[in-house]
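Step one of this worksheet: look at the structure below.
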Amino acid sequence: MAEYHLQAPLKNEDIEQLKLGDTIYISGEVFTCRSRLHKYIFDEGHELPFSTDDRNVLIHNGPIIVKENGEWSLKSFMPTSSIRFEKWGAKSVENWKLKMIIGKTTMGKSTAEMMKKMKCVHCSPRSVSPNLWIDSIEVQDVHLFDELGSIEASWFFKVKDLGPFIVDIDTEGNNYFDALDDDIKKRKDEALKKLGIDPDYEFTKLY
């Protein structure tokens, strides 16, 4: 597995070299998005109030940011689970011309297919370190703060070697976790057989 330090905005040649399992660090200008922004744009028909032509890295994130002495101060940052936004994943990749989405877990088949078409990747954190990342992030601006609130607004960040993240969907639409799921199932079946547990067992019901 290789390690890459990438500079946003990203070009096709930056991400076509990435393989599943590679480690990446990202520098440059990025923006955040959660479910409310997706719904506001794609379901309610509002226009995105900024261009993504030169800001093509999206982080699924709801940061904790407060205003101190007239300036925004980042208190906590941790990408949230991307699979929650699968409903809008393909649309966001296509309409916003994204080259990278960063978020925990991964995304589904329709998003992966659009990533293959548009040349985009998905990357997931290799660690859970919300406060260790703060020094790598500069708050630049915020959009739709009044409409969506602090957590769901779209924040503009300038980041420096933010990471590490692992490539879990590549530009060919391959998913790192698919192979893991197959391996887990095989090992699970072997473990159940060794322990003498019926593979059709059900979890204990508390209610």
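This is a predicted model, so every value here is computed, not measured. No hydrogens, no waters, no symmetry mates; every other heavy atom, side chains included, goes into these values.
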Review point. Does the pair Lys39/Glu152 count as a salt bridge with the N-to-O cut at 4.0 Å?
Key: no

Review point. Who pairs with Cys123 by side chain to side chain contact (heavy atoms under 4.5 Å, CB included), at least two apart in sequence or on another chain?
Key: Ile24, Met100, Ile102, Val121, Phe165, Val167

**Study point:** With Tyr4 via ring-ring contact (aromatic ring centres under 6.0 Å, His included) - residues at least two apart
**Key:** none

Practice item. Quick one: list whatever passes ring-ring contact (aromatic ring centres under 6.0 Å, His included) with Tyr40, sequence neighbours left out. Key: His46

Study note, to complete from the structure: side chain to side chain donor-acceptor pair (under 3.5 Å) filter on Asp198, not counting sequence neighbours, yields none

Exercise for review: Identify the two heavy atoms, one from Cys120 and one from Val93, that lie closest to each other, and give their separation to 0.1 Å.
Suggested key: CB-CG1, 4.0 Å

Revision key, fill the gap. Sequence neighbours excluded, the answer for side chain to side chain contact (heavy atoms under 4.5 Å, CB included) partners of Asn12 is Glu16, Lys99, Lys119

Point to revise | Which residues share a side chain to side chain contact (heavy atoms under 4.5 Å, CB included) with Asn61, sequence neighbours left out | key: Thr32, Ile59, Pro63, Phe77, Phe157

Practice item. Return the set of residues passing ring-ring contact (aromatic ring centres under 6.0 Å, His included) with His122 (not counting sequence neighbours), or none when no residue passes. Key: none

Check your understanding: Hey, is Asp135 close enough to Lys160 for a salt bridge, meaning N to O under 4.0 Å?
Key -> no

Check your understanding: Partners of Glu29 by side chain to side chain donor-acceptor pair (under 3.5 Å), sequence neighbours excluded?
Key -> Arg55, Gln140

Review point. Who pairs with Lys185 by salt bridge (charged side-chain N to carboxylate O under 4.0 Å, His left out), at least two apart in sequence or on another chain?
Key: Asp189

Exercise for review: State whether the number of non-hydrogen atoms from other residues, nucleotides or ligands found under 6.0 Å of Lys67 atom NZ is greater than 12.
Suggested key: yes

Review point. Under the ring-ring contact (aromatic ring centres under 6.0 Å, His included) test, which residues partner Phe145, sequence neighbours left out?
Key: Trp72

**Study point:** Those residues that, when tested against Glu86, pass side chain to side chain contact (heavy atoms under 4.5 Å, CB included) (two or more places apart)
**Key:** Ile83, Met107, Ser110, Thr111

**Study point:** ring pair (Phe, Tyr, Trp, His ring centres under 6.0 Å) contacts touching residues 51-71 (sequence neighbours left out)
**Key:** His38-His60, His60-Phe85

